[in-house]
Amino acid sequence: MEPERISPDVARRIALAAQGFGVRRPPHVTSAHLRRTLDRLALHQIDSVNVLARAHYLPAFSRLGSYGLEQFDRAAWGPRSHRRMFEYWAHEASLLPLDLHPLLRWRMERADRGVLRSAGMRRFATERRGEAMALLDRIRCDGALAASDVESSRTGWWEWSGAKTALEWLFYAGHVTTASRRRGFERVYDVPERVLPSEILEQPTPDEATAQASLVERAARALGIATAIELRDYFRLAPADAAAAIARLIAEDVLRPVSVDGWPTAYIHRDAKRPRRIEAHALLAPFDPLIWERARTERLFGFRYRIEIYVPADKRRYGYYVLPFLLNERIVARVDLKADRERGRLVVRSCHLEPGAPGETSARLELELETMAGWLGLGVVER
């Protein structure tokens, strides 16, 4: 049977709807709204850059509008009874819904065996394992700690310099998880049984193939329509693992091959919505799952986007921390933003409209900037 043909316009609307766009923002964001957004996206990527706001806060704002950051913090790092997320390596460092924990244990088990790219972490899985296990025992006995706690103690053999690497291996292998974040966003580690709900830890661990198929299914649900590379990239699976998972999901009629002009072979989730139009407005963080895969962004929107944080200032084309502006079904502008917290201002360092941007773009963008400024507790939008 020939794959269904889908036009690029329809593919774009499918992708936007899957990511939570095209739905009216709630007048008051509750913890249930936030939880549904997290479940829909399946992860919020963590990044250290804080020139505007921490990256993990921004996708929820893009979809829900102004919400309380304390709601997010409670779900991410609050007491066990309120916690709805855990930190782990998925699409880079990420915050994920708790129900994904069993689906990522195969990755933890591989890390425990030393199946890792990092040579430093591999050593703690093998020849330096005793040191890491002693550190784990210290956490079990004395409570949560950060790398700076170990490196500043300077007692006995704790003077070795690999505290952070050892802790990161313990984290990757699932022996510890993130209990909280300190000032400066330093990760504080503790054993999972003191951090995560027992009903999550007691869930059975699926075999690798089943877990990977479930991850690809979650990626497909979050993307709506996607290529094999995009499905694999969402949780950073190996090509062979992702290919086997996709084949399994096709056989189960969860994924269906489709043909989109200008795309490689693509797959649509069987439950993907196909709206006739999308009405939306959103500033998108560089690490938003709608646009983080840059080739996909170009196919969906005809929009070439590169983050220029690591580009020398005199060579940047658009700016340091540039957010694309989505208006309905198009990306129509990009703005370089900075939160000047001392002066209480959201600073627009540059703004570039895309060719053919509609006449309402500037006015709609201004409203969204004012909403963002209020959300961040900044009184003025400064151009």
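- Around the CZ atom of R317, the shell of radius 6.0 Å holds no more than 12 heavy atoms that belong to other residues, nucleotides or ligands.
- Of the possible polar contacts, none joining the R74 side chain to the G78 backbone as a donor-acceptor pair under 3.5 Å is found.
- Heavy atoms only, all atoms of each residue included: A357 and V332 are closest at CB-O, 3.6 Å.
- Judged by distance alone, the side chain of R25 and the main-chain N or O of S62 form a donor-acceptor pair under 3.5 Å.
- Here R117 pairs with nothing under the salt bridge (charged side-chain N to carboxylate O under 4.0 Å, His left out) rule; sequence neighbours left out.
- L290 places a side-chain heavy atom less than 4.5 Å from the side chain of F21.
- Y57 meets the side-chain hydrogen bond (donor to acceptor under 3.5 Å, both in side chains) test with D73; sequence neighbours excluded.
- To the nearest 0.5 angstrom, R63 atom CZ is 10.5 Å from L58 atom CG.
- Under the 3.5 Å distance criterion, the side-chain polar atoms of E293 are left unmatched by any main-chain donor or acceptor of D233.
- For R316 (side chain) and E308 (main-chain N/O), a donor-acceptor pair under 3.5 Å exists by modelled atom type.
- Ring orientation note: the planes of H91 and W292 are close to parallel, at an angle under 30° on the 30°/60° scale.
- The backbone N or O of A75 sits nowhere less than 3.5 Å from a side-chain atom of R83 that would complete a donor-acceptor pair.
- The backbone N or O of P59 sits nowhere less than 3.5 Å from a side-chain atom of D288 that would complete a donor-acceptor pair.
- Not one N or O on the side chain of R54 forms a donor-acceptor pair closer than 3.5 Å with the backbone of I46.
- Looking only at atom types and distance, the side chain of Y189 has no donor-acceptor partner in the side chain of E87 under 3.5 Å away.
- Residue pairs meeting the side chain to side chain donor-acceptor pair (under 3.5 Å) criterion with at least one member in residues 93-106, sequence neighbours excluded, are D99-R218, H101-R105, R105-T205.
- Here the shortest heavy-atom pairing between P3 and S259 reads CB-N, 4.1 Å.
- Qualifying side-chain hydrogen bond (donor to acceptor under 3.5 Å, both in side chains) partners for H175, counting only residues two or more places apart in sequence or in other chains: D112.
- Shortest non-hydrogen contact noted between M85 and L38 is CG-CD2, 3.0 Å.
- Residues passing the side-chain contact (heavy atoms from CB on, under 4.5 Å) test with R306, sequence neighbours excluded: R294, E298, R304.
- Counting only heavy atoms from C-beta outward, the side chains of D149 and V188 never approach each other to under 4.5 Å.
- Residues forming a side-chain hydrogen bond (donor to acceptor under 3.5 Å, both in side chains) with R140 (at least two apart in sequence, or on another chain): D137.
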Which pairs of donor and acceptor atoms, one on a side chain in residues 373-382, lie under 3.5 Å apart (sequence neighbours left out)?
| unit_1 | atom_1 | unit_2 | atom_2 | d |
| --- | --- | --- | --- | --- |
| W375 | NE1 | Y67 | O | 2.8 |
| E382 | OE1 | R343 | NH1 | 3.2 |
| E382 | OE1 | R343 | NH2 | 3.2 |
| E382 | OE1 | R345 | NH1 | 3.3 |
| E382 | OE2 | R343 | NH2 | 3.0 |

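- Considering CD of E92 and CZ of R236, their distance stands at 4.5 Å, rounded to 0.5 Å.
- Annotation: side chain of I291 is not in contact with side chain of L326 (no heavy-atom distance under 4.5 Å).
- Salt-bridge check for R113 with E109: failed, with every basic side-chain N at 4.0 Å or more from each acidic carboxylate O.
- No donor-acceptor pair closer than 3.5 Å links the side chain of H269 to the backbone N or O of L223.
- Note that CE of M372 and CD of E370 are 13.0 Å apart. Values are rounded to the nearest 0.5 Å.
- Of all the heavy atoms in R330 and G356, the pair that sits closest is NH1-O, 3.0 Å.
- Cation-pi geometry between R107 and Y88 is not met at under 6.0 angstrom from the ring centre and within 45 degrees of the axis.
- Ring geometry for F72 against H56 counts as tilted: the plane angle lies between 30° and 60°, on a 0 to 90° scale.
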Worked verdict on I309 versus Y321 for side-chain contact (heavy atoms from CB on, under 4.5 Å): CA-CA 6 Å; I309 289 173; Y321 201 74; 3.9 Å; yes

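- R232 and A242 make their closest contact through CB-CB, 3.6 Å (heavy atoms, listed as atom of the first residue, atom of the second, distance).
- Between the side chain of W89 and the main chain of F171, no donor-acceptor pair closer than 3.5 Å is present.
- Remark: R194 CZ to T177 OG1 distance equals 12.5 Å, nearest 0.5 Å.
- Looking at L16 and F301, their side chains come closer than 4.5 Å, going by heavy atoms from C-beta outward.
- With sequence neighbours excluded, the residues forming a side-chain hydrogen bond (donor to acceptor under 3.5 Å, both in side chains) with E366 are R383, listed by chain and number.
- R129 places a side-chain N or O within 3.5 Å of a backbone atom of A125 that can act as its donor or acceptor partner.
- Around the CG atom of L367, the shell of radius 6.0 Å holds more than 12 heavy atoms that belong to other residues, nucleotides or ligands.
- Each of L96 and F185 belongs to its own hydrophobic cluster when Ile, Leu, Val, Met, Phe, Trp and Tyr are linked at side-chain heavy-atom distances under 4.5 angstrom.
- Put simply, the side chain of V191 reaches to within 4.5 Å of the side chain of L136, judged on heavy atoms.
- Under the side-chain contact (heavy atoms from CB on, under 4.5 Å) criterion, D314 pairs with P312, not counting sequence neighbours.
- F235 places a side-chain heavy atom less than 4.5 Å from the side chain of L100.
- Taken to the nearest 0.5 Å, the CZ atom of R13 stands 11.5 Å off from the CG atom of N328.
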Name every donor-acceptor pair, under 3.5 Å, that has one atom in a side chain of residues 243-255 and the other anywhere in the protein, sequence neighbours excluded.
| unit_1 | atom_1 | unit_2 | atom_2 | d |
| --- | --- | --- | --- | --- |
| R248 | NE | E252 | OE2 | 3.4 |
| R248 | NH1 | T210 | OG1 | 3.4 |
| R248 | NH2 | T210 | OG1 | 3.2 |
| D253 | OD1 | R256 | NE | 3.0 |
| D253 | OD2 | R256 | NH2 | 3.0 |

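- Here CZ of R122 is found 14.0 Å from CZ of R128. Values are rounded to the nearest 0.5 Å.
- Contact detail for T37 and A60: the closest heavy-atom pair is CG2-CA, 4.3 Å.
- Contact check for I139 versus D190: side-chain heavy atoms found under the 4.5 Å cut-off.
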Solution key, residues 271-287 side-chain donor-acceptor pairs under 3.5 Å, sequence neighbours excluded:
| unit_1 | atom_1 | unit_2 | atom_2 | d |
| --- | --- | --- | --- | --- |
| R274 | NH1 | E4 | OE2 | 2.6 |
| R274 | NH2 | E4 | OE1 | 3.1 |
| H281 | ND1 | R364 | NH2 | 3.4 |

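- Considering only residues two or more places apart in sequence or on other chains, H352 meets the ring-ring contact (aromatic ring centres under 6.0 Å, His included) condition with Y318.
- Ion pair R36/D39 not flagged as a salt bridge, since none of the NZ, NE, NH1 or NH2 atoms sits closer than 4.0 Å to an Asp/Glu carboxylate oxygen.
- Residues V195 and I200 are members of one and the same hydrophobic cluster, defined by side-chain heavy-atom contacts under 4.5 angstrom among Ile, Leu, Val, Met, Phe, Trp and Tyr.
- No side-chain heavy atom of V10 sits less than 4.5 Å from a side-chain heavy atom of V260.
- Using a 4.0 Å cut-off between a side-chain N of Lys or Arg and a carboxylate O of Asp or Glu, D261 and R5 qualify as a salt bridge.
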